[in-house]
Amino acid sequence: MRQPTSGTTVTLEPDSGPTLAELARQHGLAVSGARPSLGAYVKQLWSRRHFIWAYSNARLIAMYTNARLGQIWQVITPLANAGVYFLVFGLLLGTDRGIDNYIAYLCTGIFIFTFTQQAVTTSARSIGDNMNLIRAVHFPRASLPLTSVLVQLQQLAPSMTVLAVIMLATGEGIDFSWLLLIPALLLQTLFSGGLAMMVARWAARTSDLSQLLPFVMRTWLYSSGVFYSIDRFTGDLPGWVVTVLQFNPMAVYIDLVRYALMDSMGSPPGYLWPAAGGWAVLMGVVGFIYFWRAEEEYGRG
Amino acid sequence: MADLLDAPASGADTRVPTVIVDNLHVVYRINTGGGGRNSPVAALRRIATRKQAPTVREVHAIRGVSFVAHRGEAIGLIGSNGSGKSTLLRAVAGLLPPRRGKVYTQGQPSLLGVNAALMNDLTGERNVVLGCLAMGMSPAEVRAKYDGIVQFSGINERDDFTSLPMRTYSSGMAARLRFSIAAAKSHDVLMIDEALATGDAAFQRRSEERVRELRAEAGTVFLVSHSNKSILDTCERSIWLESGVIRMDGPSTEVVKAYQEYANRR
């Protein structure tokens with residue numbers, strides 16, 4: 001089958017154009033740098049799971065090496081954030097009307113939003129910042145935005161511990177509904193991962209995006225009902241705007257956690273869980289495929 | 001050494017090609033940054049008129065290169081600065097998409113440059129572990145190979161440098177560690193960009209040995225270097241590239257000699 005025919009003596013004469021392609025086929029050579037199929041890509045990514053895990057740990061450790069308090073900042077940062085927003089929105093502007101436990105309400109919103117926000121903004125830099133690695137070693141590039149998401153997920157753990165303490169301190173009781181936190185965060189992670197991969201591809205192409213991203217994220221923050229209850233501020237707005245605000249994925253994920261942890265919130269509206277699941281699957285799948293489709297181009301810079 | 005390479009050339013072709021480059025053209029766009037009007041107003045006008053920034057220039061770096069590399073070969077790439085050597089390696093590694101033509105390879109080629117550390121803020125130790133994991137090793141394999149890699153790189157000879165961030169390394173040390181990480185795994189196709197010229201004499205000797213070992217493990221090695229000595233020591237075959245075109249392809253002794261004559265004339 002694969003015996004060299006007389007035609008293959010041209011291997012010594014590399015100038016003979018089209019037969020090189022034949023020679024490559026005969027010996028089973030593949031086109032270099034070609035994008036793997038989606039299934040093969042998933043498999044490759046799974047085989048690098050140790051890399052993704054080890055890299056996110058390393059990044060987490062490197063993050064606070066220059067601070068004297070070190071890892072304690074993982075707890076101080078969310079607390080300080082919550083403190084600032086409480087001062088501005090709770091005490092000065094008084095957006096807390098109609099909310100029973102405003103401190104818990106606010107902290108939940110900030111911690112949950114910060115997770116996705118940080119995951120997306122750090123992913124936007126993940127390709128450019130790791131160009132040395134990308135040009136030195138072959139690995140599925142989706143590992144990089146996923147690492148950024150995993151770093152943020154690990155930072156969410158101390159935030160959630162702080163949140164639990166705040167809940168108890170402000171009079172919310174522990175019950176079985178707290179367990180709903182786990183599926184809620186899982187769905188949010190899936191959503192954030194998809195969005196992170198999508199943004200990572202955009203930012204790899206146009207580096208201006210990372211300048212623009214903070215403004216986009218801040219707009220999103222102010223429209224996601226972090227500091228106020230969307231229902232209380234939508235009186236004069238047309239119906240479709242209210243619907244958009246309610247189905248805004250970040251508002252959905254924030255409310256899921258609020259309903260899970262806070263007794264004072266009552267029971268969640270019926271659309272909440274389907275919306276959370278829908279956003280997670282949609283963004284996770286679309287973001288992953290979108291990132292994969294440019295896999296061969298990330299080394300170009 | 002000679003019989004390894006020469007024997008197959010005499011009879012029918014029993015050599016196994018590992019890299020086939022077929023009429024390759026690479027064009028890339030570079031952001032020159034300087035030059036032109038770079039004020040915000042000018043930039044806005046460019047966006048409004050959808051004109052390309054004058055600071056972006058296209059460089060036709062590789063113009064129709066074709067060659068076949070075989071298993072067990074070590075091929076030197078020589079040529080003046082900017083002749084397209086590094087670009088060619090990147091294209092073979094699949095990191096720069098070709099404008100025209102194709103590159104076929106056996107397995108995944110691995111490119112080894114010396115320009116920078118892998119992850120500057122992390123310690124040498126973590127770079128070794130992460131580099132190996134990124135290449136697809138399992139954690140157990142990494143543990144088994146870790147000591148060998150550090151020892152080979154020799155960065156711990158004077159002090160415990162593995163526990164320091166890589167940005168504190170000298171460029172030679174970083175290059176040595178990078179070479180050691182990449183050389184820990186046997187690659188089907190290993191491409192080295194000036195690595196051998198960087199380390200000190202002892203490391204150069206060790207890395208030349210390692211390159212021989214890698215070749216014995218049935219791979220193909222490409223070496224870009226401005227040191228004619230390391231080309232002659234490591235490679236039997238050389239390709240001389242000038243302005244993105246192959247000037248000469250043949251036994252290293254002849255190609256290096258011709259290149260030296262050319263360089264002396266200029």
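Side chains included, hydrogens not; waters and symmetry mates left out as well; all remaining heavy atoms used. Residue numbering restarts at 1 for every chain, and letters A, B, ... go by the order of the sequence lines.
Between B:Val21 and B:Val92, the closest side-chain pair of non-hydrogen atoms falls below 4.5 Å. Looking only at side-chain heavy atoms (C-beta outward), B:Leu122 and B:Met166 stay at 4.5 Å or farther from each other. The shortest distance between side-chain heavy atoms of B:Ile62 and B:Leu241 falls below 4.5 Å.
Using a cut-off of 4.0 Å between Lys/Arg side-chain N and Asp/Glu carboxylate O, B:Arg247 and B:Glu242 are scored as not salt-bridged. Comment: A:Glu295 does not engage A:Arg35 in a salt bridge, judged by the lack of any side-chain N to carboxylate O separation of less than 4.0 angstrom.
Contacts of B:Ala91 with chain A are made by backbone atoms alone, with heavy-atom separations under 4.5 Å and no side-chain atom involved. For chain A, the nearby part of B:Val19 is the backbone; its heavy atoms alone come within less than 4.5 Å. In this structure, chain B has a heavy atom under 4.5 Å from the side chain of A:Ile61, while its backbone stays farther away. Proximity to chain A involves both the backbone and the side chain of B:Ile20, based on heavy atoms less than 4.5 angstrom apart. Heavy-atom distances place the side chain of A:Arg141, and not its backbone, under 4.5 Å from chain B. Using a 4.5 Å cut-off between heavy atoms, B:Val142 does not touch chain A at all.
The most heavy-atom pairs under 4.5 Å with chain A, out of B:Ser138, B:Gly136, B:Pro98, B:Gly101, come from B:Gly136. Note on B:Pro139, B:Ala134, B:Gly94: by heavy-atom pairs under 4.5 Å with chain A, the leading option is B:Ala134. With chain B as partner, the option from A:Leu29, A:Asn57, A:Ile52, A:Ile134 having the largest number of non-hydrogen pairs under 4.5 angstrom is A:Leu29. Of all the listed residues (B:Lys102, B:Met135, B:Met137), the one sharing the greatest number of non-hydrogen pairs under 4.5 Å with chain A is B:Met135.
The interface of residues 37-45 of chain A with chain B, defined by heavy-atom distances below 4.5 Å, is empty.
Listed by chain and residue number, nothing satisfies the side-chain hydrogen bond (donor to acceptor under 3.5 Å, both in side chains) test with B:Asn23 (two or more places apart in sequence, or in another chain). Shown here are the side-chain hydrogen bond (donor to acceptor under 3.5 Å, both in side chains) partners of B:Tyr104, two or more places apart in sequence or in another chain: there are none.
Side chain of B:Arg176 to backbone of B:Ser153: a donor-acceptor contact under 3.5 angstrom is found. Without hydrogens or angle criteria, A:Gln152 side chain to A:Val149 main chain gives no donor-acceptor distance under 3.5 Å.
Using the six-membered ring where Trp is involved, A:Phe191 and A:Trp220 have ring planes that are perpendicular, over 60° apart on the 30 and 60° scheme.
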Review item, side-chain donor-acceptor pairs of residues 194-205 of chain A, under 3.5 Å, at least two apart:
from, atom 1, to, atom 2, distance (Å)
A:Arg201, NH1, A:Tyr290, O, 2.7
A:Trp202, NE1, A:Tyr290, OH, 2.8
A:Arg205, NH2, A:Glu297, OE1, 3.3

